[in-house]
Amino acid sequence: MTSRIYATKRSSIVNALAEKLKTIDGTGHFLTNVYDNVSPRLLFWDEVSDFPAIHLNAGQETREYQGGGYRDRFLNITLRCYVNEENAQDALSALMEDVETVLEDSSRLKYLDKQGVEHFTHQISLMSLETDEGVLEPLGVGELQIEVRY
């Protein structure tokens, strides 16, 4: 079976990125252990019961048309990080550092399309990062906006 070259790969990329984020286990250079608590979809606050947690959501996708029929695709993804600790901002900072490390290490991310054909992203860029700045203590929430070019 051949790959559909013009089809979106949104869910495949989000799922592959969620799997990479599950490697945040508190060992080596990681500061946090997400206990496999990563979801490839955003959840409502009342659905978040295990902390720390990372939830992803695919957003807008755009195309840039090049010569020869080639297209660059740009997918915006929101990563929301949740913690529940006494020093929530410190815990949130550590978790977001770990997420950024995974993003930097996975810029050329391998993913499979719906037909099982292997592909790689060209680049993953961190576009913005923000937190609740402590207003929800002992809860903390941070959001990273990334752009995936594939």
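Values below: every heavy atom of this structure, side chains too, minus hydrogens, waters and symmetry copies. Given the structure is predicted, the values throughout are model-derived calculations rather than measurements.
Residues M96 and L31 do not share a hydrophobic cluster, clusters being chains of Ile/Leu/Val/Met/Phe/Trp/Tyr side chains in contact below 4.5 Å. Put simply, I54 and Y35 are part of two different groups of oily side chains (I, L, V, M, F, W, Y) that touch within less than 4.5 Å, one to the next. Both Y82 and L136 belong to a common hydrophobic cluster when Ile, Leu, Val, Met, Phe, Trp and Tyr are linked at side-chain heavy-atom distances under 4.5 angstrom. Taken together through direct or relayed side-chain contacts under 4.5 Å among Ile, Leu, Val, Met, Phe, Trp and Tyr, V48 and V135 form part of one hydrophobic cluster. At a threshold of 4.5 Å between side-chain heavy atoms, the hydrophobic network of Ile, Leu, Val, Met, Phe, Trp and Tyr places F74 and I124 in two separate groups.
Annotation: salt bridge (charged side-chain N to carboxylate O under 4.0 Å, His left out) contacts involving residues 77-97, sequence neighbours excluded, comprise R80-E143. Among residues at least two apart or in separate chains, there is no salt bridge (charged side-chain N to carboxylate O under 4.0 Å, His left out) pair with a member in residues 26-39.
One side chain, E61 or Y150, offers a donor N or O that lies under 3.5 Å from an acceptor on the other. Residues S125 and E147 bring no donor and acceptor atom of their side chains to less than 3.5 Å of each other. For Q89 and D132, the side-chain atoms include at least one donor-acceptor pair closer than 3.5 Å. Inspection of the T121 and K9 side chains reveals no N or O donor paired with an N or O acceptor under 3.5 Å. No hydrogens or angles considered: nothing links the side chains of S12 and D113 as a donor-acceptor pair under 3.5 Å.
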*Just do the side chain to side chain contact (heavy atoms under 4.5 Å, CB included) check on I77 and N57 with the steps written out, would you?*
CA-CA 6 Å; I77 300 176; N57 185 52; 5.9 Å; no
_Checking D72 against Q66 for the side chain to side chain donor-acceptor pair (under 3.5 Å) test, could you report, in this order, the C-alpha distance in whole Å, the side-chain angles of both residues, the deciding distance, and whether it holds?_
CA-CA 7 Å; D72 278 321; Q66 310 291 338; 3.2 Å; yes
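Annotation for V83 and L95: closest pair CG1-CD2, 4.0 Å, computed over non-hydrogen atoms. For the pair H29 and D98, the tightest heavy-atom approach, listed with the atom from each and the gap, is O-OD1, 4.1 Å. Taking all atoms of both residues into account, the shortest heavy-atom contact from G59 to L75 is O-CD1, 3.9 Å. When every heavy atom of Q123 is checked against every heavy atom of S107, the shortest pair comes out as CA-OG, 3.4 Å. For the pair L42 and H55, the tightest heavy-atom approach, listed with the atom from each and the gap, is CD2-O, 3.7 Å. Across every non-hydrogen atom of N33 and P52, the tightest pair is O-CG, 3.4 Å.
The cationic atom of R71 (NZ for Lys, CZ for Arg) does not lie both less than 6.0 Å from the six-membered ring centre of Y65 and within 45° of the ring axis.
Of the inter-residue distances, the one linking T131 atom OG1 with L92 atom CG reads 6.0 Å to the nearest 0.5 angstrom. How far OG1 of T78 is from CD1 of I146: 8.5 Å, rounded to the nearest 0.5 Å.
Under the 3.5 Å distance criterion, the side-chain polar atoms of E47 are matched with a main-chain donor or acceptor of F44. A distance-only check finds a donor-acceptor pair linking the side chain of S39 to the backbone of R41 [under 3.5 Å]. When atom types are taken as modelled, the side chain of R10 and the backbone of Q60 share no donor-acceptor pair closer than 3.5 angstrom.
For the pair N37/F51, no side-chain contact is recorded, criterion being any heavy-atom separation below 4.5 Å from C-beta on. Side-chain contact check for F120 versus L109: every heavy-atom pair is 4.5 Å or farther apart.
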Side chains of residues 16-24: which donor-acceptor pairs under 3.5 Å do they make with residues two or more places apart or in other chains?
residue	atom	partner	partner atom	Å
E19	OE2	K22	NZ	3.0
T23	OG1	K20	O	2.6

